[in-house]
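Quick caveat, the model's predicted, so the values are computed rather than measured. As the structure lists them, so they are numbered: ligands from 1, and atoms in each ligand from 1.
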Amino acid sequence: CTSPKVRKSWAKATSTEKRSYIEAVLCLTTKPSRLGVSTHTTLYDDFGYVHAQLTMPAPVHGEPVFLPWHRYFVQVYEDALRSECGYTGAAMYWDWAADWAAPSKAAVWDTPLGFGGNGSESADGNGPRKLRIAYGPFRNLRPTYWYGAVDPHWLSRDWAPGSPADGQPEMSGIGYSPTVMDGVNSWTVYERFQPALESSPHGAVHGGIGSGRGDMGPSSSPNDPIFFLHHAMVDKVWWQWQQRDTANRTYAYKGVRNDGKNATLGDVMPMLGLAPDDLVLRYMDTQGGKLCYIY
Ligand SMILES: *[C@@H]1O[C@H](CO)[C@@H](O)[C@H](O)[C@H]1NC(C)=O
Ligand SMILES: *[C@@H]1O[C@H](CO)[C@@H](O)[C@H](O)[C@H]1NC(C)=O
Ligand SMILES: *[C@@H]1O[C@H](CO)[C@@H](O)[C@H](O)[C@H]1NC(C)=O
Ligand SMILES: [Cu+2]
């Protein structure tokens with residue numbers, strides 16, 4: 001890895017970069033599924049499917065593999081944008097830690113050079129169970145899965161309302177505030193840092209965007225293209241933590257797995273045919289193993 005790609009914040013990307021990213025994401029919906037699970041799905045749907053299947057019985061959440069597995073998953077997505085859809089850039093991230101006080105005003109929700117905003121009942125098409133987004137280039141996106149079930153629907157969001165009277169920002173912003181981030185970053189060992197990062201802020205961002213009637217809530221959350229900008233940010237927080245003490249932290253990987261065993265760098269991460277299963281070891285260093293990028 002001699003010239004690592006640099007992953008950018010959406011807010012700092014140029015219009016040309018944003019446009020080409022959005023075009024490549026939409027292009028995934030025109031490519032055949034790699035999984036062959038149904039004749040009606042696309043490469044786009046594969047990501048939601050794999051994530052939903054891995055919620056149980058071989059979970060990739062609530063245990064040490066959460067961080068390297070999602071790092072690998074974001075890389076598989078970037079690779080798909082590049083190899084199948086002509087994208088030439090790197091993955092991008094939403095810096096929600098910078099936008100925590102007013103997340104609904106973040107540049108990622110811009111139209112047309114962003115991901116569109118909140119869903120609404122009046123945008124119709126889904127009925128009351130899901131809130132279709134009303135604007136933006138992804139308005140006509142129609143993901144196939146909802147949790148693990150085939151349930152085609154319009155892309156939906158249900159931004160959690162805030163409580164201005166109590167100083168509570170919308171979209172669960174309090175869950176990724178500077179106070180929360182300082183707490184996460186104060187842990188010096190992986191087995192404390194990983195669960196802190198996974199619960200809040202990571203979970204708060206999912207809940208703040210998805211709530212009950214949006215795609216970011218369920219296990220099929222990669223249905224929402226913002227998922228990958230969210231997880232690139234989670235990855236960036238981990239990367240920065242590693243960078244602060246590379247000697248101790250690049251390969252710091254410890255904790256108890258959901259099956260009761262101790263996690264090891266030799267653990268295999270499943271990708272269910274979307275990409276090869278691979279070892280945790282190869283995804284710890286973003287400039288070594290299978291990776292070549294920085295933030
Ligand atoms: C998002 O839209 C839903 C449905 O209209 C509404 O209940 C919710 O308050 C909205 N959230 C924000 C933050 O505006
Ligand atoms: C690694 O961590 C140990 C224990 O926390 C500390 O004593 C040591 O200085 C650290 N090494 C580096 C290179 O910072
Ligand atoms: C897991 O590792 C700890 C030390 O970190 C050790 O005490 C424990 O016996 C190990 N458990 C298993 C099941 O190997
Ligand atoms: Cu996940």
- Answer yes or no: is there an ion pair linking D235 with R7, defined by an N-O contact shorter than 4.0 Å? yes
- Message: Using 30° and 60° as the class boundaries, would you call the ring planes of F228 and Y77 parallel, tilted or perpendicular?
- Response: parallel
- Message: Suppose I only count heavy atoms of A160 and a 4.0 Å limit; which atoms of ligand 1 are within that range?
- Response: 13 (C)
- So is S211 in contact with ligand 1, going by heavy-atom distances below 4.0 Å? no
- Assign the ring pair W94 / Y176 to parallel, tilted or perpendicular, where the plane angle (0 to 90°) is split at 30° and 60°. perpendicular
- Aromatic plane relationship, F115 with Y21 - under 30° parallel, 30 to 60° tilted, over 60° perpendicular: perpendicular
- Message: Once disulfide (SG to SG under 2.5 Å) is applied, what residue pairs with a partner in residues 158-264 remain, sequence neighbours excluded?
- Response: none
- Charged N to carboxylate O below 4.0 Å: is that the case for D95 and K8? no
- Message: Which of the protein's N, O or S atoms come within less than 2.8 Å of the Cu ion (ligand 4), not counting waters?
- Response: H51 NE2, H61 NE2, H70 NE2
- Message: Quick check: N118 and ligand 1, any N/O pair under 3.5 Å apart?
- Response: yes
- Anything with a heavy atom under 4.0 Å from ligand 3 counts, so go ahead and list those protein residues by chain and number. K254, N262
- Counting only N and O atoms by type, is there a donor-acceptor contact under 3.5 Å from the side chain of D277 to the main-chain atoms of M271? yes
- Query: Numbering the atoms of ligand 1 from 1, which are under 4.0 Å from a heavy atom of P161?
  - Reply: 9 (O)
- Message: Is it the case that ligand 1 has an N or O less than 3.5 angstrom from some N or O of W159?
- Response: yes
- Which ligand 1 atoms, with their elements, are less than 4.0 angstrom from a heavy-atom of G119? 2 (O)
- Message: I'd like to know whether Y147 forms a side-chain contact (heavy atoms from CB on, under 4.5 Å) with T55, so could you lay out the CA-CA distance, the side-chain angles of the two residues, the decisive distance to 0.1 Å, and finally the verdict.
- Response: CA-CA 9 Å; Y147 292 92; T55 300; over 6 Å; no
- Measure from NZ or CZ of K130 to the centre of the six-membered ring of W154 and say whether it is under 6.0 Å with the direction within 45° of the ring axis. no
- Cluster overlap Y251 with W239, hydrophobic side-chain contacts below 4.5 Å: yes
- Item | Polar side-chain atom of E78 near backbone of A90 as donor-acceptor pair, under 3.5 Å | no
- Query: Who pairs with F66 by ring pair (Phe, Tyr, Trp, His ring centres under 6.0 Å), at least two apart in sequence or on another chain?
  - Reply: H61, H70, H202, H231
